[in-house]
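Report on the following structure.
Here is the naming used below: chain letters follow the sequence lines, and residue numbers restart at 1 for every chain. Computed from a predicted structure; not experimentally measured.
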Amino acid sequence: MSEPYYITTAISYPNGRPHIGHAYEAIAADAIARFHRMLGRDVRFQTGTDEHGLKMAQTARDRGITPKELSDEMSSYFKMMCDSLDISYDRFIRTTDPDHKVSVQALWRKMVDKGDIYLGRYEGWYSVRDEAFYDEKELTTGEGGARLSPQGTPVEWTVEESWFFRLSAYQDRLLELYRNHPEFIQPEGRRNEVIRFVEGGLSDLSASRTSFDWGIPVPDSPGHVMYVWVDALTNYLTGAGYPDLDGALGKYWPADVHVIGKDIVRFHAVYWPAFLMSADVPLPKQVFGHGFLLHKGEKMSKSVGNVVDPIELSAVFGVDQLRYFLLREVSFGQDGSYSEDAIVTRCNADLANNLGNLAQRSLSMIAKNCDGKVPVPGDATEAETSLLSGIAAAEQAVRQHMTGGQLAIHSALQVIWEQMSLTNQYFAEQQPWAVRKIDPARADMILYYTAEAIRQLAILARWVMPSSCDKLLDLLAQKPDARDFAALSTRLEAGKDLPAPVPIFPRLELASDAKGN
RNA sequence: GGGCCUGUAGCUCAACGGUUAGAGCAGGCCGCUCAUAACGGCUUGGUUGGGGGUUCGAGUCCCUCCGGGCCUACCA
């Protein structure tokens, strides 16, 4: 069996509908997962929802339904988003899944056995109305000097019993991990921040709550439910069959990469490895903190009203168009900016004009002049040789960008699209439409090599735009099992019947009411 | 308060301390007609945020100022 590859996204907290940021993370992780599948790896890709906690319980109460009913509904929106964006998850995990409870409680017991869990007190300013603790500096002073929460509700100093995790004991081992495995936290900037944070000293972590009950119960401790991060992070292990890592799914652990947003790097790069060290579970190989998507350079927020529904966007511009745009336009790891305007510009230039039109013009020439069959290649000249060797070199560059620990998705795409431009150049220089009049065999040959280049380019881009590239490969009569990187070296078969060509990437237009958005 | 990152052509970004700072998109001109008014060629455009310094040589290193962003911290 081929080498396992386990990749996860963060699980989303479904107290609202999914937004473009959720879509971005899912798309990026999906592309990486598909890339490794095309490389022949045995890929396991997991995403899902994190459903416990106070907020969900409150919202459910407000709506007069049970937390489970609420999370069933909300989780389904996230699953629907994944399905409509062609996210090829192997499991959509929910923290309310029965096996997750088993997994979390097993991990907890291991940490208890290690002596890393102890009973203590969690103290702070607590608002009964908000059911939340607030930091001193968040408070405001109301009438008569009363302390108020940011929501204006009264707070009182509250002492709550809580189980604590002995995080402080892991400072040295964590620093050693970061030192010995620079690739553990990526990108580089995030790594530096985490190191400085840990160097500054670690406090023990409150690991249970008694103020609400919508969560996974702490074993043998009535009234206590698991703190959110113990619960949520463990989903990655649950997906590998924990506590039975010798089972069918155990081969996927340790995970190759957790793809997450930069805001939760600390939980994944500090708490998570500490929990695992405590429980004697091998550590994941990498935590990759991607950047945020900004709308025209500004943060998205409900109050500004620039929160965009990814499903709507993909319905307007196309799923693969959205996928391509996000992965090509944003430097993976950096923050990125998007706008409908930018999507249209980028997709028209790269997809409709460069790739789509190239395919359409060459394939329709084959349809008209070659009886709809793959023409005979003949003996390649310098032009054809360098065309294909350029693409072969690009494939190597793409592999390096995607497997070098950097996950430079945008660079990989850039390299592929350079080859598309070169193929357009080849086609224009060779002028098969003119050559046909004086040397039909040579014209056939030009069309053959152009089609072959398109076949290879479609394979190279397929992990980013699965359905469009599959359509393109359909037009080249390629079988489903001839679409991975291994198939790059098997040339088009002359004489094979091709279906009538159809345009794959239509030109996009900005909806008039969306101009400038 | 401490620390990190960043500011390069209208836009998005490249440039091991080394020849006249590059590319894509956008703009302009020309060509072509096979194609989704697409493609190809040529081209306009930057005192690399300001100032100072190190160096034979600085976008690249150092200092400082200005403008963004982020992490972190119990100064009222």
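In this structure, the side chains of A:Arg346 and A:Tyr338 stay at 4.5 Å or more apart for every pair of heavy atoms.
Positionally, the nearest nucleotide of RNA chain B for A:Gln414 lies more toward the 5' end than for the other of A:Gln414 and A:Lys437. Along RNA chain B, the nucleotide nearest A:Glu193 and the nucleotide nearest A:Met420 are compared for position; the residue whose nucleotide lies closer to the 5' end is A:Met420.
Within the model, atoms CG of A:Asp470 and CD1 of A:Ile504 stand 10.0 Å from one another, a figure rounded to the nearest 0.5 Å.
With C1' as the reference atom, B:G45 and B:G24 are 15 Å apart, rounded to whole Å. Across B:C66 and B:G52, the matching C1' atoms stand 15 Å from one another, rounded to whole Å. Spacing of C1' atoms, B:A15 relative to B:G46, comes out at 14 Å, to the nearest Å. Here, B:U54 and B:C13 have their C1' atoms 30 Å apart, quoted to the whole Å.
Heavy-atom distances under 4.0 Å link RNA chain B to A:Asn424, A:Gln425, A:Phe427, A:Ala428 of residues 422-431 of chain A, given in residue order. Only at 4.0 angstrom or more do the heavy atoms of residues 370-386 of chain A sit from any atom of RNA chain B, so none qualifies.
A:Phe184 does not carry A:Lys285 over the face of its six-membered ring by the limits of under 6.0 Å from the centre and within 45° of the normal.
For RNA chain B, runs of at least 3 consecutive pairs of the Watson-Crick or G-U wobble type, with both hydrogen-bonding distances under 3.5 angstrom, map to B:1-7 with B:66-72, B:10-13 with B:22-25, B:27-31 with B:39-43, B:49-53 with B:61-65.
Interface remark: the A:Asn353 side chain does not form any donor-acceptor pair with the B:A38 base, using a distance-only criterion of under 3.5 Å.
Of the candidate nucleotides B:C39, B:G3, B:C25, B:G3 has the atom lying nearest to any side-chain atom of A:Arg196.
Residue A:Lys262 places none of its side-chain N or O atoms closer than 4.0 Å to OP1 or OP2 of B:G69.
Using a 4.0 Å heavy-atom cutoff across all strands shown, A:Ile504 reaches at least one base atom of the nucleic acid. Using a 4.0 Å heavy-atom cutoff across all strands shown, A:Arg190 reaches sugar-phosphate atoms only and no base atom.
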